[in-house]
Q: 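This is the structure I want to talk about, given as structure tokens.
In what follows, every heavy atom counts, from backbone to side chain, and hydrogens, waters and symmetry copies are set aside.
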Amino acid sequence: MNPSKKQILLTNDDGIESPGLWAAAAALSSLGFVTVVAPREHCSAMGRGFGRHEDEKIEVRKMVINDQEWDVHAVGGTPSLTVLHGILEVMPRKPDLVVSGINYGENVSTDITYSGTVGAAIEAASLGIPALASSYQVMEGEWNSYKDIDFSVAAYFTHFFAQRMLSIKLPPDVHLLNLVIPQSATPSTPWQITR
């Protein structure tokens with residue numbers, strides 16, 4: 001591993017098989033070395049919880065991203081636990097950025113209090129690591145066919161904000177960003193920051 005290369009820990013709450021996770025991995029790979037540590041199973045609505053019945057076993061699997069074979073890590077645990085395992089056991093050094101997502105379904109308003117996507121980002125931020133939670137709006141009729149969703153615009157914005165976070169230090173009172181991409185967005189859609 002190149003020690004000067006930026007280190008990114010990528011996780012989610014939709015599980016290791018989620019196409020949103022792999023869209024994010026492909027998009028982020030140009031920014032640095034991406035280590036994928038994600039829940040083995042679907043873990044939506046877990047918040048920042050650790051659970052009591054997870055086995056916490058880490059399975060190394062192979063995935064092909066950008067025509068390259070990657071070792072990825074599937075954890076028997078919640079999104080917050082995957083962040084801890086990624087930082088404390090899997091990665092050789094503390095990541096420069098933790099990205100959680102791309103979640104299928106937006107995380108806005110009170111949803112963020114129980115979102116596993118946001119919970120994983122909060123876990124990273126609590127350890128002093130800048131974090132980005134990324135979610136893509138999915139219409140209700142698409143929930144059963146999420147593997148066919150085009151995540152390219154969401155991947156574009158995830159890359160865009162991750163790149164900014166790696167190059168521009170966050171203000172002292174900001175520890176994470178919750179990125180929500182509307183389904184109608186294109187790469188030229190204007191964006192804005194809110195609190």
Q: Ignoring hydrogens and angles, state whether a donor on the side chain of Thr11 or Ser100 is under 3.5 Å from an acceptor on the partner side chain.
A: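 Checked: Thr11/Ser100 side chains show no N/O donor-acceptor pair below 3.5 Å.
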Q: If I compare all heavy atoms of Gly77 with all of Leu81, which pair ends up nearest, and what's the gap?
A: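 Looking at all heavy atoms of both residues, the shortest contact is CA-CD1, 4.1 Å.
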Q: Kindly indicate whether the side chain of Val36, heavy atoms from C-beta on, has any atom under 4.5 Å from the side chain of His73.
A: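 Counting from C-beta outward, Val36 and His73 never come under 4.5 Å.
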Q: Between Thr35 and Leu10, is there a side-chain heavy-atom distance shorter than 4.5 Å?
A: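 Side-chain contact under 4.5 Å: no.
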Q: Using 0.5 Å steps for rounding, measure from the CD atom of Gln7 to the CG atom of Leu31.
A: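 Result: 12.5 Å between the selected atoms.
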Q: Under the ring pair (Phe, Tyr, Trp, His ring centres under 6.0 Å) test, which residues partner Trp70, sequence neighbours left out?
A: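 Residues passing ring pair (Phe, Tyr, Trp, His ring centres under 6.0 Å) with Trp70: none at all.
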Q: Once rounded to the nearest 0.5 Å, what's the spacing between atom CG of Asp13 and atom OG1 of Thr78?
A: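 One finds 10.0 Å between CG of Asp13 and OG1 of Thr78.
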Q: With a sphere of 6.0 Å drawn around CG of Asp173, does it hold more than 12 non-hydrogen atoms of other residues, nucleotides or ligands?
A: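 Yes, because the 6.0 Å sphere around CG of Asp173 holds more than 12 heavy atoms from other groups.
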Q: List in chain and number order the residues that pass ring pair (Phe, Tyr, Trp, His ring centres under 6.0 Å) with Phe157, two or more places apart in sequence or in another chain; answer none if no residue qualifies.
A: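 For Phe157, no residue satisfies ring pair (Phe, Tyr, Trp, His ring centres under 6.0 Å) once neighbours in sequence are set aside.
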Q: Taking the side chain as every heavy atom from C-beta outward, state whether Ile16 and Val72 have any atom pair closer than 4.5 Å.
A: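 When only atoms from C-beta onward are counted, Val72 and Ile16 do touch, with a gap below 4.5 Å.
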Q: Any idea which heavy atoms bring Leu28 and His159 closest together, and the distance?
A: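 Smallest heavy-atom distance, with atoms named: CD2-CA, 4.3 Å.
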Q: Hey, are the side chains of Ser135 and Thr117 touching, using non-hydrogen atoms and a 4.5 Å cut-off?
A: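 They are in side-chain contact.
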Q: State whether Asp71 and Arg61 are salt-bridged, where the test is any N-O pair (Lys NZ or Arg NE/NH1/NH2 against Asp/Glu carboxylate O) under 4.0 Å.
A: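 Looking at Arg61 together with Asp71, the answer is no, because their closest N to O distance does not fall below 4.0 Å.
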Q: So which atom in Ala155 and which in Ala27 form the shortest heavy-atom distance, rounded to 0.1 Å?
A: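 Heavy atoms only, the tightest pair is O-CB, 3.6 Å.
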Q: Considering only NZ, NE, NH1 and NH2 on the basic side and carboxylate oxygens on the acidic side, decide whether Arg40 and Glu17 come within less than 4.0 Å.
A: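 Glu17 and Arg40: not salt-bridged.
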Q: Could you state the interatomic distance from CG (Asn178) to OG (Ser134), rounded to the nearest 0.5 Å?
A: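 The OG atom of Ser134 is 9.0 Å from CG of Asn178, to the nearest 0.5 Å.
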Q: Give the minimum heavy-atom separation between Ser18 and Asn12, together with the two atoms involved.
A: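 Nearest heavy atoms, Ser18 then Asn12: CB-ND2, 3.6 Å.
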Q: Do the side chains of Val90 and Val60 join up, straight or via other hydrophobic residues, at under 4.5 Å, putting them in one cluster?
A: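 In one cluster with Val90: Val60, no.
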Q: For Val138 and Gly105, work out which heavy atoms get closest and say how close.
A: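 Closest pair (atom of Val138, atom of Gly105, distance): CG2-N, 3.5 Å.
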Q: Hey, does the side chain of Asp150 reach the backbone of Ser152 with a donor-acceptor pair shorter than 3.5 angstrom?
A: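 Yes; at least one donor-acceptor contact below 3.5 Å.
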Q: I need the Asp96 CG to Leu9 CG distance, nearest 0.5 Å.
A: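 Between atom CG of Asp96 and atom CG of Leu9 there are 11.0 Å.
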Q: Any ring-ring contact (aromatic ring centres under 6.0 Å, His included) pairs touching residues 161-195, not counting sequence neighbours?
A: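 Checked against ring-ring contact (aromatic ring centres under 6.0 Å, His included) - neighbours excluded - the pairs reaching residues 161-195 are Phe160-Trp191, Phe161-Trp191.
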Q: Does any non-hydrogen side-chain atom of Leu176 lie less than 4.5 Å from one of Leu132?
A: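 They are not in side-chain contact.
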Q: For a 4.5 angstrom cut-off between non-hydrogen side-chain atoms, does Met63 reach Trp22?
A: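 Yes, close enough: below the 4.5 Å cut-off.
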Q: Side chains of Tyr136 and Asn103, heavy atoms from C-beta outward: is any pair under 4.5 Å?
A: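 A side-chain contact is absent here, since even the closest heavy-atom pair is not under 4.5 Å.
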Q: Assess whether side chain to side chain contact (heavy atoms under 4.5 Å, CB included) is satisfied between Gln137 and Ile181, documenting all intermediate values.
A: CA-CA 6 Å; Gln137 182 185 34; Ile181 303 106; over 6 Å; no
Q: List the atom of Ala131, the atom of Ala125, and the distance in Å for their closest heavy-atom pair.
A: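 Taking every non-hydrogen atom into account, CB-N, 4.4 Å.
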Q: Do Leu21 and Ile102 come within less than 4.5 Å of each other through their side chains, counting heavy atoms only?
A: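 Contact flag for Leu21/Ile102 side chains = no.
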Q: How many angstroms lie between CZ in Arg164 and CG in Leu97, if you round to the nearest 0.5 Å?
A: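 The CZ atom of Arg164 sits 13.5 Å away from the CG atom of Leu97.
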Q: Are Ile129 and Leu88 linked, directly or through intermediate hydrophobic residues, by side-chain heavy-atom contacts shorter than 4.5 Å (ILVMFWY only)?
A: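 Yes, because Leu88 and Ile129 connect within a single hydrophobic cluster, where side-chain heavy atoms sit under 4.5 Å apart.
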Q: Should Ile8 and Ile168 be counted in the same cluster of Ile, Leu, Val, Met, Phe, Trp and Tyr side chains packed under 4.5 Å apart?
A: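 Looking at the clustering, Ile168 is in a separate group from Ile8.
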Q: How long is the gap from NE2 on His85 to CD1 on Ile58, to the nearest 0.5 Å?
A: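 With rounding to 0.5 Å, NE2 (His85) is 5.5 Å from CD1 (Ile58).
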